[in-house]
Structure formats: structure tokens, C-alpha cells
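This one's a predicted model, so the numbers in the text were calculated from it and none came from an experiment.
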Amino acid sequence: MTLNLDNIWVRAFACLLMCNLFTASQSYAAQDAAGQNGRPAKAPPGFEQMVTAAFDIQTDIKGGYVQKLAQMVYRAETKFYQLFQIQPGFIRGDDPKTRLDPRIPEIKGDQLSKWKFRPWIEIRIYQNYKDYVDEWFDESDRLRSLVDKKPIKKETPEERAIRRLREGVPGAYYMRITDYDGESVLRRIRAYVGNKTPEELEMDILHEMGHCFMETFLFEFGGAPRSGMESEKRGTPAWMGEGVAQLFQYNWAEAGHGAKEKLRNWGMIFEAVQAGHSYPFGEFINVTNAHNLAAVAGDPLKARINYVQSFSVMQYMVEANWQMFMEFLKNCRVKNLQAMGKGKKVSELYTVQEPSFKEAFTVPIGEVEKLWKAHVEKTGLAQLKRDASGWYYCGEYWLQRNDLEKASERFQKAIEGAPSKGEGFLGMGRVALKKNDIKSALEHFAKAVQLSPKDEDAWFYQGIAMLHGDKHKEAAASFAKALEIFPNSYQACDGLAEAQFALKQYKEAGQNFDKAYQISRMPQFLIKMGRGSFYAQEYAEAQRNFAAFCNVFTQDADGKFWYGMAAWRLGDAKYAANMFQEASKLQPQNNDYKLAMQMVQKNQMIYFQNENKPEGPLGATNTNPGESSKTGKTAKTDVVEEE
């Protein structure tokens with residue numbers, strides 16, 4: 001996700017990627033800590049703080065966590081200084097001794113301070129999602145109001161809570177923003193821990209550091225167009241920005257699970273290139289947003305391909321000739337700054353990237369496309385020769401395109417070339433699952449978990465097949481094994497909860513639906529959480545979840561039906577009838593909603609087939625059935641706020 005705003009300069013990128021947090025014991029004190037503009041401001045109350053050469057690191061997580069963060073940041077920034085052959089003062093922007101480039105002698109290493117950039121880049125890691133999201137909304141709303149010249153809409157606490165459920169928010173972001181004084185420019189990286197693994201958090205931070213370093217190195221602060229002008233070319237092309245961010249993310253993290261994601265991306269681009277599905281360079285180098293392309297309306301996979309292609313091309317550039325690529329970046333910087341000095345109104349690198357590339361490499365950037373494709377094919381085939389299990393990741397690409405024949409061909413190659421590994425059998429099981437051949441799928445998955453007992457995907461898909469085969473107890477055990485290997489899989493939490501639900505372990509099911517929600521923040525899990533609580537006879541808790549779901553999905557008939565059921569069990573037949581009526585209006589053909597309406601009018605309670613029927617009277621036998629209870633009325637505006 002990207003949010004770039006004109007003049008106030010905001011760039012935000014989401015990422016939900018996996019990595020391993022660096023955990024050495026040594027901590028780093030401030031290095032060259034008193035820049036021209038003094039030390040960083042004191043962190044807010046409740047936050048611990050450390051300073052590295054160019055970063056102000058803050059977190060509200062206690063117990064020495066700030067030292068771990070500081071070490072990881074210091075390690076990454078040190079590599080950046082080495083790779084780009086610059087000093088920390090350049091990044092802070094307060095080093096007058098540094099010369100940017102002899103072609104632009106008027107711009108020196110203290111130019112950012114002259115532009116009123118604060119020297120330290122602020123990294124703040126929140127413990128809780130709610131605190132993180134509230135800052136995101138506050139700052140992005142403020143900036144959007146300034147760009148579009150419209151006042152900020154004031155929100156009630158309830159409206160803000162609903163917004164936290166309804167709106168997508170990046171898992172981490174880099175933001176360049178003016179301070180409230182309207183003059184100083186702040187560079188900020190934000191992330192939250194929540195239910196993330198250390199691996200996920202590290203890759204989040206490294207990705208955003210990549211964006212920050214690339215933007216600062218290029219001196220490209222153009223921002224993005226105003227609302228309604230999104231097609232305007234501004235800023236840095238996505239392939240450059242996202243490519244470098246992913247170099248940080250994948251190559252520099254101490255990641256275990258992230259290595260699998262890197263293999264998955266490799267298989268995708270290898271197959272996409274050979275099938276002619278990669279982006280032609282003429283289009284590729286002009287993409288403004290790798291996350292939200294207008295071209296993907298009918299093919300969401302294209303956005304993923306663009307993202308993966310950005311990393312692949314950048315990796316190729318680094319490996320082929322990094323010094324020449326550095327010259328290309330410097331040329332882009334110089335040409336853009338020179339043009340801005342001559343009155344160019346919009347800071348952007350789109351129009352300067354092709355001449356800049358030709359000056360550095362002596363060939364047009366378009367000619368690199370065939371070289372890059374040949375590199376992808378050559379290195380891909382070499383990788384498959386070394387380890388044929390890699391065919392599994394190639395087959396995954398065709399599964400995403402729903403081409404089961406091509407997927408099966410790749411998975412079979414994995415089996416034939418690496419019969420002692422489980423990937424090929426896992427792939428064939430997934431094909432069988434797509435065909436609803438549960439017997440064959442279970443056979444393949446059993447082989448996969450036998451050969452690859454530490455592969456969480458094998459256990460997860462085996463659980464899915466077992467669910468389809470009504471083997472609920474076995475499915476629960478398989479999902480639990482997947483979560484033992486990778487605890488942060490919301491899909492495995494969801495699968496385990498579904499198995500527990502079928503086993504009438506309703507309370508446990510609700511807890512795992514809740515965990516899936518906490519990890520993914522997908523409001524769809526609210527209705528599943530509500531069902532778990534409902535069947536566990538915790539009707540007030542169920543009503544809270546159904547109310548929150550209905551606040552997000554206001555036109556969802558099933559949500560209103562379940563909301564009504566919870567109110568009914570709590571004694572509010574009148575409110576339940578209103579909900580059933582709204583559900584019936586949304587889906588007139590649904591007989592369950594009509595039956596519920598009839599039953600509530602007759603003061604007869606509905607029970608479900610798998611439900612443990614409670615003892616004693618419920619709402620339908622209330623002595624005052626026509627009087628609306630307080631519970632039903634207040635729950636209409638209740639919002640789940642989980643941490």
C-alpha cells in the first residue's frame with residue numbers, strides 16, 4: 001500500500017512478509033549523535049529510546065526490546081553505507097563536508113538540513129495494533145486534508161473503532177511528513193508487534209528502511225498526485241523503490257520462514273518469464289504503484305507479478321554490475337535535480353530513467369529485458385538442476401492461474417527429481433484437492449508430511465483435505481501441527497477452529513477464530529468468532545462480535561441473521577425480529593430467514609442441529625416479550641476492540 005501526498009510528502013508502503021528478529025546482546029549507544037540540529041527529541045511517555053548513526057528507535061515494549069531493535073537497525077544501515085559508499089551524515093543530511101555530485105556542486109551533504117529535514121529517521125514500534133492504527137489515521141487524515149485542502153472530519157470514538165475494523169491499514173509504513181510547525185520535515189517508519197512473529201517484524205522494518213534509504217539517496221521527494229489525479233507521474237518508479245526495499249527485506253533479514261517466500265517468488269517469476277506473463281519493460285518501468293495497479297482489475301495476479309519482477313530485476317542489476325547501476329541511480333538524481341533547478345514543476349524520475357540508464361550502461365534500458373529474461377531462465381534451470389524440489393514453487397504459479405494440467409506437470413517433476421522430499425507430493429495433493437478428489441489428496445498429503453515433517457504447508461493442506469473428508473479429529477491434529485511449526489498462520493488457526501467447531505468444541509473454536517482475526521485483522525472472522533461464542537452459549541459475547549461484523553458489512557444478510565439470533569437468546573425478541581426482517585429484505589429467497597421470522601412471532605425458539613440445547617427458559621419465554629431489552633439496543637453500536 002502506498003500513500004504519497006504532495007508538498008507534505010508522505011510515502012507509506014504495506015508489507016505482510018516473514019522474517020527473523022536479530023537477537024544479540026550488545027547494544028549500540030548514539031553514534032555521531034549530536035548532528036547539526038541537535039539530538040533527537042525525547043520519545044513519548046511510556047516509550048524506551050535508543051539512537052544509532054541515523055536512526056531514533058522507540059518502542060513501548062519493555063524488557064530490553066529496544067536494544068534488540070537498535071542492533072537490527074544498526075546492522076542494516078551499516079550494510080547500506082557500505083553498499084552505497086556513503087556516510088551516515090549523508091542520510092541525516094547534516095554533513096557539509098560531503099559532496100553529492102560534482103555535476104551539482106551547489107548541493108552538498110547538508111542540503112537536507114537546509115530543506116529543514118530533521119536529521120534522525122524515527123522508527124517507532126508499537127506493542128498494540130490499536131495504537132499503531134490510530135496514529136496512521138491521525139497523520140494520514142491530516143496530510144490528506146492539507147493536500148486536498150479540505151477540513152479533517154471529526155470522528156467519534158465509535159466511528160474510529162468501526163474504521164479500524166473496516167479500512168485496510170498497512171502492516172508497516174515509511175512516511176515523510178511535515179511536522180505540526182508546518183516547516184520541519186520528519187522521516188518516520190512505523191510498525192507494530194501485535195501477533196507478528198519476530199521474523200515478520202524484522203522484514204517489515206527492513207522493507208521500510210529500504211524505501212527510506214532509496215528515497216534519501218536519490219533526493220527524490222516529489223510525493224504523489226492529489227485525489228483524482230492519480231495517473232500523474234510523480235516520484236520514483238515502483239520497480240526502483242520496491243526493488244531496493246525487497247533487497248533489504250529478503251537478503252539482509254535473519255529470516256527462516258522468509259526464505260520460503262523468496263523461493264515462492266523465484267518460482268513465480270521463472271514461470272511468468274517463460275510463459276510471457278512478465279511485464280514488458282516499456283510498461284514495467286513506468287508503473288507508479290506496485291500494490292494497486294489499474295491494470296489488474298481482471299487479473300489480480302498481475303500486481304503480484306509486478307512486485308516479484310521488481311525484486312528480480314533489482315537483484316539482477318546488483319549481481320550484473322552494481323557500480324554501473326550506482327551510476328544509473330546517480331544520473332537519475334542529477335538529471336532530476338538539474339531539471340528542478342531549471343523550473344521543472346514536478347519531481348519525478350520517470351522521464352530521466354531511460355537517458356540515465358543509457359549513460360551508465362551504454363545501452364537502452366529496454367535492451368536489458370532480454371538479458372534479464374535470459375538470466376532468469378539460466379539461473380532458474382541451474383537451481384532446478386541442483387534441487388528438483390523447486391519445481392513445486394513453479395507449479396504453485398500455475399495453481400494460482402488455475403491451470404491444473406501445467407501445475408501437475410511441475411509437481412510430477414518435483415516427485416521424479418526429488419523423490420525423498422515432500423514438495424512434489426504436496427503439490428499433487430493440492431491439485432487433487434482442487435479436483436475434489438479427497439481420497440487421492442489425503443494419500444499425497446500423507447506422503448508429504450512423512451517426507452517433510454517440518455513443512456507447515458504439508459500439515460495445513462492435509463488438514464484441509466481431512467476437513468473435506470469429515471475427519472475432524474484428525475484435521476484438528478494436523479492444523480495444530482502446522483501451528484506448532486509456524487504459529488502465525490491465520491489460515492491454520494481458521495482451519496483448526498473449523499475442525500473444533502465440527503467436534504462441538506465451540507469455546508476452543510471461538511478462541512482460534514479470534515486468533516485468526518488478531519493475526520489477519522480480517523473482519524470476516526468476527527462472524528466466525530460470534531458463531532463459536534453462540535454455540536458455546538456465550539450469547540452476549542456472540543452478540544458483540546455479530547454487532548461488530550454488521551457495522552463493517554452493513555448489507556450482509558447472514559450477519560444480520562446471526563445478530564438477531566444472539567439478541568433473541570438474550571431475551572430481545574423484538575430486536576431479533578427486526579434483524580430477521582432486514583436479512584429477509586437483503587435475501588428474500590432464503591427460507592431460513594423467513595422461518596426465523598415466523599418462529600419469533602410465535603414465541604417459539606429455533607435450535608440448530610449441532611447445538612447443545614441449553615436448559616431452562618430463554619428469551620422466547622420472556623414474561624415481557626414485547627419489551628426491548630437494553631442488551632439488544634446497546635449492542636447495535638457495540639464494536640469489538642481486541643488486542
Side-chain angles (χ1 to χ4, degrees), residues 1-15 54-56 73 76-77 79-81 83-84 86-94 98 100-101 104 107 109 111-123 139 143 170 172-178 184-190 204-225 233-249 285 287-291 310 314 325-326 328-337 339-340 346-350 352-353 356:
M1 177 177 180
T2 304
L3 178 64
N4 291 334
L5 299 175
D6 189 18
N7 296 332
I8 323 126
W9 308 328
V10 178
R11 180 162 295 152
F13 295 90
C15 76
F55 286 86
D56 171 17
V73 170
E77 67 173 311
K79 290 182 179 179
F80 176 84
Y81 302 144
L83 185 65
F84 284 81
I86 58 175
Q87 299 299 317
F90 177 92
I91 296 300
R92 289 198 310 269
D94 59 4
T98 298
L100 193 67
D101 192 290
I104 41 175
I107 299 181
Q111 183 62 51
L112 292 184
S113 65
K114 293 177 180 177
W115 287 339
K116 298 189 177 180
F117 274 65
R118 296 283 180 85
W120 275 275
I121 301 153
E122 187 180 274
I123 296 180
E139 294 301 270
L143 293 168
Y173 60 90
Y174 165 57
M175 176 180 284
R176 178 167 31 80
I177 175 177
T178 54
S184 303
V185 181
L186 308 173
R187 289 168 291 173
R188 293 172 169 175
I189 291 172
R190 296 291 191 261
D204 279 353
I205 296 171
L206 288 173
H207 187 95
E208 305 312 327
M209 286 178 70
H211 284 305
C212 176
F213 279 134
M214 189 65 161
E215 176 186 83
T216 306
F217 181 82
L218 291 171
F219 266 43
E220 195 296 292
F221 307 114
K233 297 289 187 184
R234 302 178 69 94
T236 302
W239 76 274
M240 296 167 65
E242 291 299 334
V244 167
Q246 289 179 92
L247 282 181
F248 271 58
Q249 168 186 321
I285 64 174
V287 171
T288 59
N289 187 341
H291 302 283
S310 295
M314 188 62 65
F325 189 71
M326 280 283 294
F328 160 64
L329 295 180
K330 292 176 182 178
N331 290 344
C332 286
R333 180 174 64 190
V334 168
K335 290 182 183 299
N336 183 50
L337 289 174
M340 295 298 294
V346 176
S347 177
E348 50 80 25
L349 303 183
Y350 294 91
V352 302
Q353 59 180 329
S356 296

- Task: Kindly determine whether Phe55 and Met209 satisfy side-chain contact (heavy atoms from CB on, under 4.5 Å), including the steps that lead there.
- Result: CA-CA 10 Å; Phe55 286 86; Met209 286 178 70; 3.9 Å; yes

- Residues two or more places apart in sequence or in another chain: which of them pass salt bridge (charged side-chain N to carboxylate O under 4.0 Å, His left out) with Arg190? Glu122, Glu135

- Pro237 and Ile285, any side-chain heavy atoms less than 4.5 Å apart: no

- Query: Which distance, rounded to the nearest 0.5 Å, do you find between the CD1 of Ile121 and the SG of Cys212?
  - Reply: 3.5 Å

- Note on the structure: For Phe325, the ring pair (Phe, Tyr, Trp, His ring centres under 6.0 Å) test, sequence neighbours excluded, returns Trp322, Phe328

- Any sub-3.5 Å donor-acceptor pair from Gln246's side-chain atoms to Glu242's backbone N or O? yes

- Message: Side chains of Ile91 and Glu77, heavy atoms from C-beta outward: is any pair under 4.5 Å?
- Response: no

- Task: Hey, could you give me the CH2/CZ distance between Trp120 and Arg92, rounded to the nearest 0.5 Å?
- Result: 5.5 Å

- Step through it carefully: locate the ring centre of Phe117, locate the ring centre of Phe219, and say whether they are under 6.0 Å apart. no

- Can you list the residues that meet the side chain to side chain contact (heavy atoms under 4.5 Å, CB included) rule with Lys116, with sequence neighbours excluded? Glu183

- Message: Less than 4.5 Å apart, side chain to side chain, heavy atoms only: is that true for Glu215 and Phe221?
- Response: yes

- Message: The criterion is side chain to side chain contact (heavy atoms under 4.5 Å, CB included); which residues satisfy it with Val334, sequence neighbours excluded?
- Response: Asp101, Arg103, Ile104, Gln338

- Message: Any heavy-atom pair between the side chains of Val185 and Leu112 that's under 4.5 Å?
- Response: no

- Note on the structure: Rounded to the nearest 0.5 Å, the CD1 atom of Ile189 sits from the CG atom of Leu206 at a distance of 9.5 Å

- Which of parallel (below 30°), tilted (30 to 60°) and perpendicular (above 60°) describes Phe90 and Phe217? tilted

- Query: Could you walk me through whether Asn336 and Ser347 pass the side-chain contact (heavy atoms from CB on, under 4.5 Å) check?
  - Reply: CA-CA 7 Å; Asn336 183 50; Ser347 177; 3.1 Å; yes

- Message: Are Thr236 and Leu218 packed together at the side-chain level, in the sense that at least one heavy-atom pair is separated by less than 4.5 angstrom?
- Response: yes

- Rounding to 0.5 Å, atoms CG (Leu329) and OG (Ser356) come to a distance of 9.0 Å

- Message: Is it the case that the side chain of Arg187 and the backbone of Arg118 share a donor-acceptor pair, with hydrogens and angles ignored and the cut-off at 3.5 Å?
- Response: yes

- Sorted by chain and number, sequence neighbours left out, side chain to side chain donor-acceptor pair (under 3.5 Å) with Lys330 holds for none

- Give a yes or no on whether the backbone of Tyr350 and the side-chain of Glu348 come within a donor-acceptor separation of less than 3.5 Å. yes

- Message: Taking the side chain as everything from C-beta on, heavy atoms only, tell me whether Arg188 gets closer than 4.5 Å to Ile123.
- Response: no

- Message: Would Met314 and Val244 count as a side-chain contact (heavy atoms from CB on, under 4.5 Å) here? Give the steps.
- Response: CA-CA 7 Å; Met314 188 62 65; Val244 167; 3.9 Å; yes

- Message: What's the separation between atom CD1 in Ile205 and atom CD in Gln249, rounded to the nearest 0.5 Å?
- Response: 12.0 Å

- Message: Measuring from atom CE of Met240 to atom OG of Ser310, what distance do you get when rounded to the nearest 0.5 angstrom?
- Response: 11.0 Å

- Message: For a side-chain contact (heavy atoms from CB on, under 4.5 Å) check, start with the C-alpha distance between Arg333 and Leu349, then their side-chain angles and the critical distance, and finish with the verdict.
- Response: CA-CA 8 Å; Arg333 180 174 64 190; Leu349 303 183; over 6 Å; no

- Hits for side chain to side chain donor-acceptor pair (under 3.5 Å) against Gln111, two or more places apart or cross-chain, chain-then-number order -> none

- Message: I'd like to check Gln353 versus Trp239 (side-chain heavy atoms, cut-off strictly below 4.5 Å). Are they in contact?
- Response: yes

